[in-house]
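Numbering of residues begins at 1 and proceeds along the displayed sequence.
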Amino acid sequence: MTETVVLVHGAFAESAGWNGVIARLREQGRRVVAVANPLRSLAGDAEYLRRVLSGIEGPVVLAGHSYGGMVATEAAAGNPQVKALVYVAAFAPEAGESALGLSGKYPGSTLGATLDPVPLGDGSNDMSIRPDEFHGQFAADVPAAEAALMAATQRPVRDVALSQEATHAAWRDIPSWFLIPLGDKNIPAAAQRFMADRAGARKVVELDGASHAVAVSEPAAVADLILEAAKSA
């Protein structure tokens, strides 16, 4: 049975950010599901993804972008349905690590200064990137008009999701592939290389000048790596 590709977006984004990748995967006859990641808490988001996976018949190639990598890593643990993990400018945590901790493990992230918190009344905050900062911070290699649309449709992430620690590391048992954009201002390339090396990645692709929004700016490269993972897993 042909694998279903399941795509998990990260913070400050939404499922349509995968559109260019989805089109290319569908051209190759692949079934694709782009999950609406709740962005509320790592535990809750992972449980939601587990439920989505349980409704899919057959093997899965699971690809996560940014914080979506945290969710994919947590949800895939112990699930024999998931045959490959693809990390696209993404976190691949070890148990006990958070997105916030990993993003600060190496210098280079400028995300914190661009964030606009909104109190939720329970002691937590929704975090989004200020619209005037979004293009340069998140999507520097995306045309300005498209980046402006992305800024307007970005979905905020609850700070709890970024600080909550992973409890599983699915990459220990599931083969992984990594795509690292070298112009990433959210997750430093050094941090992504560290995670790819630790996971024993089957393949690592680095893209000069690509931003954190690499699935939007370089959809062919992202789709090609996912297809390679699907064929190899």
Side-chain angles (χ1 to χ4, degrees), residues 1-10 13 15 17-35 37 45-46 49-50 52-94 102 166 168-182 184 187 189 191-208 210 212-233:
M1 180 178 289
T2 303
E3 300 86 356
T4 298
V5 177
V6 177
L7 306 171
V8 186
H9 70 78
S15 296
W18 294 107
N19 281 356
V21 176
I22 293 168
R24 286 160 175 81
L25 294 174
R26 286 174 61 86
E27 286 172 1
Q28 298 300 315
R30 297 288 174 169
R31 294 192 301 270
V32 187
V33 175
V35 177
N37 189 357
D45 298 344
L49 178 55
R50 288 188 196 100
V52 172
L53 295 176
S54 71
I56 296 172
E57 184 178 354
V60 165
V61 173
L62 187 54
H65 172 249
S66 191
Y67 166 74
M70 297 284 301
V71 178
T73 303
E74 188 82 358
N79 186 347
Q81 182 183 23
V82 180
K83 304 301 182 183
L85 292 165
V86 184
Y87 293 93
V88 181
F91 294 109
E94 176 62 276
L102 284 167
H168 298 91
W171 45 261
R172 290 192 172 279
D173 303 306
I174 302 171
S176 60
W177 284 254
F178 282 71
L179 189 144
I180 302 174
L182 298 184
D184 196 329
I187 310 173
Q192 296 181 52
R193 289 189 186 113
F194 161 76
M195 289 182 281
D197 182 66
R198 179 174 66 179
R202 293 275 185 94
K203 183 173 183 178
V204 178
V205 174
E206 297 190 356
L207 295 181
D208 285 330
H212 191 62
V214 65
V216 177
S217 62
E218 299 283 355
V222 174
D224 285 348
L225 188 62
I226 292 171
L227 287 167
E228 183 173 332
K231 293 172 183 175
S232 301

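- Considering only heavy atoms from C-beta on, L207 comes within 4.5 Å of V214 through its side chain.
- A 4.5 Å side-chain heavy-atom check between V33 and T4 finds at least one atom pair inside the cut-off.
- When the salt bridge (Lys or Arg N to Asp or Glu O under 4.0 Å) test is applied to R31, no partner is found at least two apart in sequence or on another chain.
- Listed by chain and residue number, nothing satisfies the side-chain hydrogen bond (donor to acceptor under 3.5 Å, both in side chains) test with R202 (two or more places apart in sequence, or in another chain).
- The side-chain hydrogen bond (donor to acceptor under 3.5 Å, both in side chains) check on D184 picks up Q192, H212, with sequence neighbours excluded.
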Between side-chain atoms of residues 52-62 and protein atoms elsewhere (two or more places apart, or another chain), which donor-acceptor pairs fall under 3.5 Å?
from	atom 1	to	atom 2	distance (Å)
S54	OG	R51	O	2.7

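- With sequence neighbours excluded, no residue forms a side-chain hydrogen bond (donor to acceptor under 3.5 Å, both in side chains) with R26.
- Every side chain to side chain contact (heavy atoms under 4.5 Å, CB included) that A201 has, sequence neighbours left out, goes to S176, F178, A196, V204.
- Considering only heavy atoms from C-beta on, P175 stays 4.5 Å or farther from L85 through its side chain.
- Every residue meeting the side chain to side chain contact (heavy atoms under 4.5 Å, CB included) condition with N19, not counting sequence neighbours, appears here in chain and number order: A16, I22.
- Judged purely by distance below 3.5 Å, without hydrogens or angles, the side chains of Y67 and D45 pair a donor atom with an acceptor atom.
- By the side-chain hydrogen bond (donor to acceptor under 3.5 Å, both in side chains) test, H9 pairs with R155, sequence neighbours left out.
- For R30, the salt bridge (Lys or Arg N to Asp or Glu O under 4.0 Å) partners two or more places apart in sequence, or in a different chain, are E3.
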Please list every donor-acceptor pair under 3.5 Å in which a side-chain atom of residues 222-233 meets a protein atom from a residue at least two apart or in another chain.
from	atom 1	to	atom 2	distance (Å)
E228	OE1	K203	NZ	3.0
S232	OG	E228	O	2.9

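- M195 places none of its side-chain heavy atoms less than 4.5 Å from the side chain of E94.
- Residues passing the salt bridge (Lys or Arg N to Asp or Glu O under 4.0 Å) test with R24: none are found, sequence neighbours excluded.
- Looking at V216 and H65, their side chains never come closer than 4.5 Å, going by heavy atoms from C-beta outward.
- Each side-chain hydrogen bond (donor to acceptor under 3.5 Å, both in side chains) pair with one or both residues in residues 81-91, not counting sequence neighbours, appears once here: T73-Y87.
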